[in-house]
There are 2 protein chains.
Amino acid sequence: MENLDKKHVTTFEEHLEKRYGAPGTDQRIAFEAKAKAFAIGELIKEERRLSNMTQEELALKTGTKKSFISRIENGKSDIQLSTLYRILEIGLGKKVSFTIE
Amino acid sequence: MENLDKKHVTTFEEHLEKRYGAPGTDQRIAFEAKAKAFAIGELIKEERRLSNMTQEELALKTGTKKSFISRIENGKSDIQLSTLYRILEIGLGKKVSFTIE
DNA sequence: ATTCTTGTACCATTATTCGTTAACTTTACG
DNA sequence: CGTAAAGTTAACGAATAATGGTACAAGAAT
């Protein structure tokens, strides 16, 4: 094995930097926030399953369709705040609050 | 003063019911979630002032413009989740987490 | 009162969510 | 297996968030 490159990407942080620019830059800021936002679907999926509901049931309770729930759970949408409230608070019967430390 | 109506709207809850339907209905669900979402601006404004920042400084940090921050703080937008993260986490250095009870 | 800073209001454009239907895929189970 | 339920995906229009810019208004400081 020879060393083709003097320097190559190894860590995830280096990858991000190469791909989206250094931390603090506009592009990078947007990327990081988006990544977090899209990850909320996992939490929703978890909570839904704990509540023993199907996507269709959750959709019915929140006044939407199962296809929309699926999109969210699979991280395909940067949902609006009201949508998060609708699903977590009303659909799953959990009380949501922001913890700001 | 005469009593024109046998029954009239008095409480806020009655007003909501008349206007947006009974609790549990789709329209009402959407309304309540929207109301909460638009109210997040107050929290942001509060946190920003505690951090001794101007709207312009916050805007710069989050890669946007002060006019946008102003709109949010005054409850004129149902922001996306990534926008919340950008402002509270990246802009104000607060850790945002959802507490689900 | 005048200037400087901070914040708000508008406008135009772009990008994305939301709502929905329908078709398709995967999973569960008799 | 085969079939039904559950979940995913694509596609569409409509509504609206995001963005950049500019002009205006309100407050603070001198």
Side-chain angles (χ1 to χ4, degrees), chain A residues 20-21 25-92, chain B residues 20-21 25-92:
Chain A
Y20 301 99
T25 60
D26 282 12
Q27 253 205 320
R28 180 63 173 279
I29 284 169
F31 170 79
E32 280 163 7
K34 283 272 180 190
K36 270 203 104 166
F38 278 83
I40 201 75
E42 296 170 25
L43 171 64
I44 291 171
K45 185 178 219 159
E46 215 174 289
E47 292 291 334
R48 174 179 60 81
R49 285 182 165 164
L50 286 174
S51 301
N52 261 83
M53 297 178 75
T54 66
Q55 290 183 340
E56 195 155 27
E57 288 169 331
L58 177 56
L60 200 67
K61 268 198 147 187
T62 52
T64 182
K65 297 288 185 285
K66 63 176 183 174
S67 56
F68 186 49
I69 300 291
S70 174
R71 281 197 332 235
I72 294 170
E73 286 189 352
N74 289 297
K76 299 191 171 153
S77 181
D78 180 3
I79 60 173
Q80 293 173 330
L81 210 46
S82 64
T83 303
L84 181 66
Y85 281 130
R86 261 197 304 166
I87 294 177
L88 287 179
E89 193 163 326
I90 302 168
L92 295 172
Chain B
Y20 300 100
T25 59
D26 282 11
Q27 252 206 320
R28 180 64 173 277
I29 285 169
F31 170 78
E32 280 162 5
K34 282 274 180 189
K36 272 200 103 166
F38 278 84
I40 203 75
E42 295 170 26
L43 172 64
I44 291 171
K45 185 177 219 160
E46 214 174 289
E47 293 291 336
R48 173 178 63 80
R49 285 182 165 161
L50 286 174
S51 302
N52 261 83
M53 297 178 75
T54 66
Q55 289 183 340
E56 195 156 26
E57 287 170 330
L58 179 55
L60 201 67
K61 268 199 147 186
T62 52
T64 183
K65 298 286 185 279
K66 63 175 182 173
S67 55
F68 185 50
I69 300 292
S70 174
R71 283 218 323 264
I72 293 170
E73 286 189 352
N74 290 299
K76 297 189 173 156
S77 181
D78 179 4
I79 61 173
Q80 294 173 348
L81 211 46
S82 65
T83 303
L84 181 68
Y85 282 129
R86 262 196 304 165
I87 295 177
L88 284 180
E89 289 210 348
I90 299 172
L92 295 172

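These values consider heavy atoms only, across backbone and side chains, with no hydrogens, waters or symmetry-generated copies.
Atom P of nucleotide D:dA18 and atom OH of B:Tyr85 are separated by 15 Å, given to the nearest angstrom. Between B:Ile69 atom CD1 and D:dA18 atom P the separation is 11 Å, expressed in whole Å. In this structure, the CZ atom of B:Phe68 is 16 Å from the P atom of D:dT16, given to the nearest Å. Atom CD of A:Glu42 is separated from atom C1' of D:dG7 by 17 Å (rounded to the nearest Å). The distance between atom CD1 of A:Ile87 and atom C1' of C:dC18, rounded to the nearest whole Å, is 11 Å. The CG atom of B:Leu84 sits 14 Å away from the C1' atom of D:dA17 (whole-angstrom rounding). Atoms CD1 (B:Ile72) and P (C:dA9) sit 14 Å apart, rounded to a whole Å. With rounding to whole Å, A:Leu58 atom CG is found 13 Å from C:dG19 atom P.
The side chain of B:Gln80 approaches D:dA18 more closely than any other nucleotide in the set C:dG19, D:dT9, D:dA18. Here D:dG20 is the nucleotide among D:dT8, C:dT21, D:dG20 with the atom lying nearest to any side-chain atom of B:Lys65. The B:Lys34 side chain lies nearest to D:dA17 when the options are D:dA17, D:dA6, C:dA9. In this structure, of D:dT19, C:dG7, D:dT9, it is C:dG7 that holds the atom nearest to the side chain of B:Gln55. Taking every side-chain heavy atom of A:Lys66 into account, D:dA6 is the closest of D:dA6, D:dT19, D:dA17. Comparing C:dT8, D:dT8, D:dT9 by their closest approach to the side chain of A:Glu73 singles out D:dT8. In this structure, of D:dA18, C:dG19, D:dA17, it is D:dA18 that holds the atom nearest to the side chain of B:Arg71. Ranking C:dT8, D:dG7, D:dA17 by closeness to the A:Ser70 side chain, first place goes to D:dG7.
With rounding to the nearest 0.5 Å, the separation of OG1 in A:Thr62 from CG in A:Leu92 is 8.5 Å. Atoms CD1 and CG, on A:Ile69 and A:Asn74 in that order, are 11.5 Å from each other to the nearest 0.5 Å. We find the CZ-CD distance between A:Arg48 and A:Glu57 to be 9.0 Å, quoted to the nearest 0.5 Å.
Between B:Lys45 and A:Leu81, the residue whose closest nucleotide on DNA chain C is further toward the 5' end is B:Lys45. Where B:Thr54 and A:Arg86 meet DNA chain C, the nucleotide closest to each residue was compared, and B:Thr54 sits on the side nearer the 5' end.
For B:Asn74, a side-chain nitrogen or oxygen approaches OP1 or OP2 of C:dT8 to under 4.0 Å. For B:Arg48 and C:dG7, the shortest distance from a side-chain N or O to OP1 or OP2 is below 4.0 Å. Not one side-chain nitrogen or oxygen of A:Ser67 sits closer than 4.0 Å to the OP1 or OP2 atom of D:dA10. In this model, the phosphate group of C:dA9 is approached by a side-chain N or O of B:Lys76 to a distance below 4.0 Å at OP1 or OP2.
If you check every strand for non-hydrogen atoms under 4.0 Å, B:Arg49 touches nothing. In this structure, A:Ile79 reaches the sugar-phosphate backbone alone: every heavy-atom distance under 4.0 Å involves primed, P, OP1 or OP2 atoms, never a base.
Each of B:Lys45, B:Glu73, B:Lys66 was compared with B:Gln55 under the side-chain hydrogen bond (donor to acceptor under 3.5 Å, both in side chains) criterion, and only B:Glu73 meets it.
A:Glu56 CD: 12 or fewer foreign heavy atoms inside a 6.0 Å radius.
The shortest distance between side-chain heavy atoms of A:Glu89 and B:Glu32 does not fall below 4.5 Å.
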